[in-house]
Amino acid sequence: MAKEKAMSAPQFSSYISFPGNAAEAFEYYREVFGGELDLMTYDDIPDLSGFPFTPPAGSVAHAQLHGGLVTLAGGDGISAPGEELPPLESDVYSFLVGLDRVDDAHALIETLTSSGAKIAMPFELAPWGDHYGQVKDRFGVLWALVVAGAPPA
């Protein structure tokens, strides 16, 4: 009988391609959300001779923030010469962060807004019973915050 391979649990992480400021953004997210930051620049790669592009000096090849409030991956997006990356700022996506207490959500909102974020939707009791709101950070990323309401009686 063949020995079965042990399957690891699937993992999911959002990935953001930043327009050249990934190192700044990931350090900021580490300060705000906590966790461990693993960051590698293209300068850390010894041989780029096989790459189809020449990355700008110091640009981030890959970063991952894990072990804190969020898990997030990303890097500096590299566009073809003459092309630009689309802007990060958008209202068609957000990253949802679930918190245990309303006070924790207010503290996170204060941390974000004191460092350049803007309230996109006030954090308050929503019609469905949860507390919910949105904050757009200084990089244009929309964070939705939710605290579950009491279950119906």
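The basis for the numbers below is simple: all heavy atoms, side chains too, and nothing from hydrogens, waters or symmetry mates. Residue numbers run from 1 in the order of the sequence given.
In this structure, Leu72 and Phe26 have side chains that are in contact, with non-hydrogen atoms separated by less than 4.5 Å. Contact of the Glu24 side chain with the Arg138 side chain is registered, since non-hydrogen atoms from C-beta on lie closer than 4.5 Å. For the pair Val146/Leu96, a side-chain contact is recorded, criterion being any heavy-atom separation below 4.5 Å from C-beta on. Contact annotation: the side chain of Val60 never approaches that of Asn21 to less than 4.5 Å [non-hydrogen atoms, C-beta and beyond]. Side-chain contact between Ile119 and Thr113: present, with at least one pair of heavy atoms (C-beta onward) separated by less than 4.5 Å. Within the 4.5 Å cutoff, the side chain of Leu48 has no heavy atoms near those of the Phe53 side chain. In this structure, the side chains of Ile16 and Phe139 stay at 4.5 Å or more apart for every pair of heavy atoms. Considering only heavy atoms from C-beta on, Phe18 comes within 4.5 Å of Leu88 through its side chain.
Phe51 is connected to Met40 through a chain of hydrophobic side-chain contacts under 4.5 Å among Ile, Leu, Val, Met, Phe, Trp and Tyr, so both are in one cluster. Residues Tyr42 and Leu39 fall into different hydrophobic clusters, defined by Ile, Leu, Val, Met, Phe, Trp and Tyr side chains chained together at heavy-atom separations under 4.5 Å.
Screening Val32, Ile109, Val70 against Trp143 for a side chain to side chain contact (heavy atoms under 4.5 Å, CB included) leaves a single residue, Val70.
In this structure, Lys136 NZ and Ser90 OG are separated by 6.5 Å, a value rounded to the nearest 0.5 Å. Distance check: Phe33 CZ to Thr111 OG1 gives 9.5 Å after rounding to the nearest 0.5 Å. Interatomic distance, Glu31 CD to Leu37 CG, rounded to the nearest 0.5 Å: 10.5 Å. Taking CG from Leu142 and OG from Ser94, the interatomic distance works out to 5.0 Å, rounded to the nearest 0.5 Å. Expressed to the nearest 0.5 Å, how far CG of Leu99 lies from CG of Leu69 amounts to 5.5 Å. Interatomic distance, Arg101 CZ to His106 NE2, rounded to the nearest 0.5 Å: 11.0 Å.
Of all heavy-atom pairs between Phe123 and Leu145, the closest is CE1-O, 3.7 Å. For the pair His131 and Leu125, the tightest heavy-atom approach, listed with the atom from each and the gap, is CD2-N, 3.5 Å. Contact between Val141 and Tyr93 at its shortest, heavy atoms only, is CA-OH, 4.1 Å. When every heavy atom of Ser17 is checked against every heavy atom of Gly77, the shortest pair comes out as CB-CA, 4.0 Å. Summarising the geometry of Val147 relative to Ala105, their closest heavy-atom pair is CG2-CB, 4.0 Å, with the distance given to 0.1 Å. Annotation for Tyr28 and Ser115: closest pair OH-OG, 2.6 Å, computed over non-hydrogen atoms.
A side-chain donor from one of Asp137 and Tyr29 sits under 3.5 Å from a side-chain acceptor of the other. Residues His62 and Asp38 bring no donor and acceptor atom of their side chains to less than 3.5 Å of each other.
Counted within 6.0 Å of CD on Glu36, heavy atoms from surrounding residues, nucleotides or ligands total 12 or fewer; the atom is thus considered open. Within 6.0 Å of CG on Asp44 lie more than 12 heavy atoms contributed by other residues, nucleotides or ligands.
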